[in-house]
2 protein chains.
Amino acid sequence: MDTPWLDRPQLRAWVRLRAVLELLPGVLDAQLRRDAGLTEFEYYVLATLSETPGRTSRMTELSWGTNATLPRLSHVVTRLEGRGLVERFSCPRDRRTTHVRLTDEGWEKVRQAAPGHVATVHHHVVDTLTPEQLDQLAAIADAILARLDPTGTSAAIYTRYDE
Amino acid sequence: MDTPWLDRPQLRAWVRLRAVLELLPGVLDAQLRRDAGLTEFEYYVLATLSETPGRTSRMTELSWGTNATLPRLSHVVTRLEGRGLVERFSCPRDRRTTHVRLTDEGWEKVRQAAPGHVATVHHHVVDTLTPEQLDQLAAIADAILARLDPTGTSAAIYTRYDE
DNA sequence: ACAGCAAACTTGTCGCTACAACCATTCCCG
DNA sequence: CGGGAATGGTTGTAGCGACAAGTTTGCTGT
């Protein structure tokens with residue numbers, strides 16, 4: 001079968017990365033559920049909207065910014081809409097597209113949730129790494145993402161945070 | 001509230017890591033479902049057992065090796081047992097504990113599934129990184145894991161793959 | 001020797017996500 | 001300008017994981 005197996009250094013890195021993939025999301029999710037009553041994904045939907053001009057975005061663009069499929073986002077927006085945190089309205093120019101706007105209530109929600117979440121990110125990720133490691137991590141994640149999204153469609157999103 | 005925000009380098013790294021956390025598991029899962037009819041987690045349960053002496057393990061130990069909670073593992077083992085890939089039997093010494101053994105059918109399953117999965121890991125992770133980056137990644141993941149599991153209970157698992 | 005506590009699982013339920021199917025517009029182009 | 005493809009989004013369904021609760025077995029101290 002001629003399988004290219006993993007050698008020791010590769011296995012070392014992969015086993016640990018897999019553990020992070022498995023454990024870290026749960027920790028972030030648990031903190032936000034407990035302290036803000038939000039899923040981590042719900043939080044990032046709100047947070048992404050809060051950073052968008054007009055606090056409004058098309059569904060498709062929002063799905064890029066949050067790394068989600070459109071059906072997933074649609075369901076989540078439905079739930080958030082039911083809680084009064086966002087509102088939908090259709091675009092008069094192209095009536096296929098739906099716009100999502102963060103309500104004042106949603107804005108307040110994300111404002112309250114942010115400090116705790118950021119503190120968690122600090123504690124579990126940022127503060128454990130040296131500045132050099134942060135740069136290394138950015139480069140490593142970049143390389144992996146390039147394979148995950150070869151077209152680079154949503155890759156432009158990440159470069160927003162480059163200098 | 002005195003919130004320690006994220007500066008540019010921190011944000012760069014975090015946004016990218018978050019994208020990887022969101023996207024990579026789905027890709028790995030999709031490949032295994034398509035080619036082997038297994039969840040990524042199911043695969044790692046079988047794979048972990050296949051590397052254990054006697055192809056047998058206690059539930060609790062298995063949950064450490066796979067980074068899973070016990071309820072989750074219990075459900076999954078129930079499903080795998082129904083498919084004939086593993087079998088449960090209780091330990092005579094301590095009748096609280098349950099042993100799980102990989103059946104021959106399960107062994108064959110993991111043997112068939114492994115090449116495709118390893119190839120996917122190569123393609124999406126290992127091959128995109130330089131040897132230096134692999135070492136950096138191992139160190140970075142180690143630092144993060146140390147915070148996720150401060151007791152170091154399951155941390156010993158990872159060091160199996162050290163030289 | 002037995003009361004209380006901890007360990008090791010199992011089970012039940014709820015909510016979220018993936019996948020597929022579907023519908024409504026708009027674009028393309030001969 | 002009309003018909004097929006492409007775009008943008010929603011909805012239905014099935015399955016997995018988190019959390020909480022329950023059960024059985026072993027341990028500990030007095």
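Proteins come first, then strands; the chains are lettered A, B, ... in the order of their sequence lines, and each starts at number 1.
- Ring-plane geometry between Y44(A) and W14(B) is classed as tilted, the angle between the planes lying from 30 to 60 degrees on a 0 to 90 degree scale.
- Closest to the D94(A) side chain, of the nucleotides dT10(D), dT25(C), dC16(D), is dT25(C).
- The side chain of P71(B) lies closest to dC19(D), out of dC16(C), dC19(D), dT17(C).
- Dashed line: the shortest gap from a side-chain N or O of R88(B) to OP1 or OP2 of dT10(C) is under 4.0 Å.
- Of the listed nucleotides (dT10(D), dT17(C), dA8(C)), dT17(C) has the atom at the smallest distance from the side chain of V76(A).
- Mapping C91(B) and R72(B) onto DNA chain D by nearest heavy atom places R72(B) at the nucleotide closer to the 5' end.
- Of the candidate nucleotides dT17(C), dA18(D), dC9(C), dA18(D) has the atom lying nearest to any side-chain atom of T69(B).
- T78(A) comes within 4.0 angstrom of nothing in the nucleic acid, heavy atoms only.
- Heavy atoms of R34(B) sit nowhere under 4.0 angstrom from any nucleic acid atom.
- Mapping R33(B) and M59(B) onto DNA chain C via the closest heavy atom, the residue that lands nearer the 5' end is M59(B).
- D29(A) places its CG atom 12 Å from the C1' atom of dT17(C), with the value rounded to the nearest Å.
- Nucleotide dG17(D) holds its C1' atom 19 Å from the OH atom of Y44(B), rounded to whole Å.
- Side-chain contact annotation: T78(B) with R88(B), donor-acceptor N/O pair under 3.5 Å present.
- Ring centers of F41(B) and H75(B): at least 6.0 Å apart, outside the cut-off.
- Atom-to-atom, CG of L73(A) to C1' of dA18(C) comes out at 14 Å; the value is rounded to the nearest Å.
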Under 3.5 Å between N/O atoms: give me all the protein pairs with nucleotides 1-7 of chain D, atom names plus distance.
| from | atom 1 | to | atom 2 | distance (Å) |
| --- | --- | --- | --- | --- |
| dT7(D) | O2 | R96(A) | NH1 | 3.0 |

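- In this entry the distance linking CG of L70(B) with C1' of dA18(D) reads 13 Å, nearest Å.
- Comment: E87(A) does not engage R55(A) in a salt bridge, judged by the lack of any side-chain N to carboxylate O separation of less than 4.0 angstrom.
- Note on R83(A) versus E42(A): salt bridge recorded, some NZ/NE/NH1/NH2 to OD/OE distance being below 4.0 Å.
- Between T98(B) and dT10(C) there is a side-chain polar atom (N or O) within less than 4.0 angstrom of OP1 or OP2.
- Across the interface with DNA chain D, nearest-nucleotide mapping of H99(A) and G26(A) shows H99(A) to be the residue nearer the 5′ end.
- One atom, CG of L24(A), and another, P of dA18(D), lie 14 Å apart when rounded to the nearest Å.
- L23(A) places its CG atom 14 Å from the P atom of dG17(D), with the value rounded to the nearest Å.
- Between R18(A) and E40(B), at least one side-chain N (NZ, or NE/NH1/NH2) sits under 4.0 Å from a carboxylate O, which counts as a salt bridge.
- Across the protein-nucleic acid pair, E22(B) atom CD and dC16(C) atom P stand 15 Å apart, rounded to whole Å.
- Side-chain contact between V77(A) and M59(A) is present, with at least one heavy-atom pair separated by less than 4.5 Å.
- Mapping R93(A) and H75(A) onto DNA chain C via the closest heavy atom, the residue that lands nearer the 5' end is H75(A).
- Side-chain contact check for T120(A) versus L32(A): every heavy-atom pair is 4.5 Å or farther apart.
- Of all nucleotides listed (dT10(D), dC16(D), dC16(C)), dC16(D) comes nearest to the side chain of T39(B).
- Closest approach to the T97(B) side chain among dA8(C), dT10(C), dG26(D) is made by dA8(C) (side chain taken as heavy atoms from C-beta onward).
- Look at R79(B) and you'll find a side-chain N or O under 4.0 angstrom from OP1 or OP2 of dG17(D).
- Between E40(B) atom CD and dG15(D) atom P the separation is 20 Å, expressed in whole Å.
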